[in-house]
Undergrad: 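One structure is given below, represented as C-alpha cells, and several questions about it will come after.
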Amino acid sequence: MIAKSEKELAFLQDLYVATDWGERFTELVDEHVELPPEGRVLYVAAGTGGHAMALQERTNEKVKLLCVDESDECLELARAKAVALHEQTEFHREDVNALSFPNDQFELVLGDASLTPAANVEQMLAEMVRVAMPGATVAWWLPTASSFGEFFSIYWEALLSAGLEDHSTDIENLIEELPTVGDAEVWAAREGLEDVRSWTAIEEFDYDSAERFLNSPLITDFLLRNWLQHVPEAARGRVVQELGRIIDEERHSGKFALSVKATLVVGRKSRVQ
C-alpha cells in the first residue's frame with residue numbers, strides 16, 4: 001500500500017468517495033431532513049463540499065450555510081468549486097471534536113460521521129448539539145452495526161493465513177466499535193436531543209474481483225487504512241495479498257459485495273437547558 005499525500009486523498013475523496021459512498025448516506029438526509037426557511041446552518045465534516053452546495057441550491061438567500069472540515073486540502077477544493085459555481089457557501093477549518101463557535105448558534109446542524117473514527121463520533125455529536133440553538137434540528141449519519149460483515153469474515157481468515165492470529169482481536173474490536181442504531185439514538189438523547197428518530201438503508205458496494213476491490217480508492221485509501229492500522233506495517237502487504245486470494249476464491253466468479261448499514265439519526269435540541 002503506497003501512502004498518498006493529503007492533497008491526493010482530497011482529490012480521491014471528491015472524485016470517488018463523495019460521489020458513491022457519500023451519496024448512499026446523503027440520500028437519507030435529503031429525504032428526511034427539512035432545511036429551515038432562514039437562519040444559519042452548520043455542516044460538520046463537509047469534505048469537499050459537494051452535498052453542502054447541493055443543499056445551498058435548494059435554499060434561499062435567507063439561509064446562510066457554513067461548512068467546516070479538518071482537512072485543509074478538502075476545503076481548498078470546496079472553495080474552488082464554490083467560486084466556480086458562484087455559490088455563497090462558506091468553508092472553514094475546524095476541529096470537529098472542539099468547534100470554536102459559541103453555544104446556541106445554528107438553526108440546523110448537519111454532521112457527516114460516515115468516515116469518522118468510531119472513538120470520535122460521540123464527541124463530534126456533543127459539539128454539534130452544543131452549537132445548535134434550542135429547538136434546532138441536529139442530524140448526523142454513520143455506518144452502524146453489521147456493516148462490513150463480509151469483509152471482516154475474510155479479514156479474519158487472511159490474518160490466520162498470514163500468521164497473524166494474535167491480531168484477530170483487532171477484528172473483534174472493529175466489529176464492536178460500530179454502534180447499533182439503538183446506541184446512536186441513546187447517544188443523541190444523552191446529549192440533550194428530543195424526538196430522536198432514525199432511518200437505515202442497507203447499501204451494497206459490488207466488486208467484480210479482488211483486484212477491483214483492493215484498487216478502489218474508497219477501500220484502499222480510506223476504509224482499509226483504518227482496518228489495518230494495528231497490523232505491523234511490514235506485514236500489511238502480506239495481509240492484503242491474502243485478502244485478495246480469499247476474495248477471489250470465495251466469490252466463485254461472482255461479485256464480492258460489501259454491505260453497509262447507512263444510518264441517519266435526527267433529533268431536536270431541547271428548549272430547556
Side-chain angles (χ1 to χ4, degrees), residues 18 21-60 62-70 78 89-92 94 96-97 99 101 103-116 118 120-145 147 178-203 260-271:
W21 170 267
E23 288 181 359
R24 310 294 182 103
F25 293 86
T26 57
E27 285 175 358
L28 289 172
V29 180
D30 293 342
E31 181 178 355
H32 298 290
V33 178
E34 184 176 350
L35 298 172
E38 60 183 6
R40 302 176 72 200
V41 175
L42 178 66
Y43 197 130
V44 179
T48 56
H51 182 238
M53 283 183 275
L55 292 177
Q56 184 75 75
E57 290 180 359
R58 291 165 44 194
T59 64
N60 56 63
K62 294 181 180 180
V63 176
K64 304 300 180 185
L65 182 56
L66 174 59
C67 302
V68 300
D69 200 88
E70 294 184 341
T89 311
E90 296 182 27
F91 294 91
H92 297 283
E94 287 278 344
V96 300
N97 297 314
L99 299 171
F101 309 109
N103 297 350
D104 308 333
Q105 294 294 301
F106 298 94
E107 278 79 8
L108 169 66
V109 180
L110 306 170
D112 182 356
S114 65
L115 291 172
T116 299
N120 296 341
V121 172
E122 284 189 79
Q123 180 57 34
M124 174 177 159
L125 173 62
E127 282 295 278
M128 291 171 57
V129 175
R130 179 183 66 80
V131 301
M133 296 177 63
T137 296
V138 176
W140 53 298
W141 50 98
L142 74 168
T144 49
S147 297
L178 289 169
T180 65
V181 174
D183 289 336
E185 292 178 346
V186 167
W187 295 350
R190 191 160 60 208
E191 294 302 332
L193 296 183
E194 300 175 336
D195 303 325
V196 176
R197 294 169 293 161
S198 64
W199 295 266
T200 296
I202 308 299
E203 299 288 348
V260 178
K261 287 182 68 174
T263 298
L264 167 70
V265 183
V266 179
R268 179 175 52 81
K269 184 173 177 176
S270 174
R271 294 183 184 275

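Heads up: numbering here begins at 1 and tracks the sequence.
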Undergrad: What are the two closest non-hydrogen atoms of Leu28 and Ala262, and how far apart are they?
TA: CD1-O, 3.4 Å
Undergrad: Just jot down the ring-ring contact (aromatic ring centres under 6.0 Å, His included) partners of His32, sequence neighbours excluded, or say none.
TA: Trp199
Undergrad: Side chains of Asp69 and His92 only: does a donor on one sit below 3.5 Å from an acceptor on the other?
TA: no
Undergrad: Are His51 and Tyr43, when compared by the centres of their aromatic rings, separated by less than 6.0 Å?
TA: yes
Undergrad: Can you run down the side chain to side chain donor-acceptor pair (under 3.5 Å) pairs that involve residues 131-143, sequence neighbours left out, and say none if there aren't any?
TA: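 For residues 131-143, and leaving out neighbouring residues, the side chain to side chain donor-acceptor pair (under 3.5 Å) pairs sorted by first residue read Asp112-Trp141.
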Undergrad: Can you see which heavy atom on Leu264 is nearest to which on Val266, and at what distance?
TA: CG-CG2, 3.8 Å
Undergrad: Just by distance, no angles: are the side chains of Glu23 and Thr26 close enough, under 3.5 Å, to form a donor-acceptor pair?
TA: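 On atom types as modelled, these side chains do not qualify, holding no pair under 3.5 Å.
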Undergrad: Sequence neighbours excluded, which residues qualify as salt bridge (Lys or Arg N to Asp or Glu O under 4.0 Å) partners of Glu203?
TA: Arg24
Undergrad: I'd like to check the salt bridge (Lys or Arg N to Asp or Glu O under 4.0 Å) partners of Glu127; sequence neighbours left out, ordered by chain and number.
TA: Arg130
Undergrad: Checking side-chain contact (heavy atoms from CB on, under 4.5 Å) between Trp187 and each of Val265, Leu193, Val121, which is the one that passes?
TA: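 By the side-chain contact (heavy atoms from CB on, under 4.5 Å) criterion, Trp187 pairs with just one of Val265, Leu193, Val121: Val121.
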Undergrad: For Asn97, give me all partners under side chain to side chain donor-acceptor pair (under 3.5 Å), at least two apart in sequence or on another chain.
TA: none
Undergrad: What residues form a side-chain contact (heavy atoms from CB on, under 4.5 Å) with Ala18, not counting sequence neighbours?
TA: none
Undergrad: With sequence neighbours left out, write down each residue that passes side chain to side chain donor-acceptor pair (under 3.5 Å) with Arg197, or none if nothing qualifies.
TA: none
Undergrad: Please enumerate all residues that pass side-chain contact (heavy atoms from CB on, under 4.5 Å) together with Glu38, with sequence neighbours excluded.
TA: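 So Glu38 forms a side-chain contact (heavy atoms from CB on, under 4.5 Å) with Lys62.
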Undergrad: Restricting to side-chain contact (heavy atoms from CB on, under 4.5 Å), what partner residues turn up for Asp195, sequence neighbours left out?
TA: Arg268
Undergrad: Applying the side-chain contact (heavy atoms from CB on, under 4.5 Å) criterion to Val129, which one of Glu191, Arg190, Met124 satisfies it?
TA: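 The single option meeting the side-chain contact (heavy atoms from CB on, under 4.5 Å) with Val129 is Glu191.
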Undergrad: Which residues satisfy the side-chain contact (heavy atoms from CB on, under 4.5 Å) test with Lys261, sequence neighbours excluded?
TA: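 Only Thr144, Ser146, Ser147, Thr200, Ile202 meet the side-chain contact (heavy atoms from CB on, under 4.5 Å) criterion with Lys261.
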Undergrad: Mind checking what makes side chain to side chain donor-acceptor pair (under 3.5 Å) contact with Glu107, not counting sequence neighbours?
TA: none
Undergrad: Can you list the residues that meet the side chain to side chain donor-acceptor pair (under 3.5 Å) rule with Asn120, with sequence neighbours excluded?
TA: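 Partners of Asn120 by the side chain to side chain donor-acceptor pair (under 3.5 Å) criterion come out as none, since no residue qualifies.
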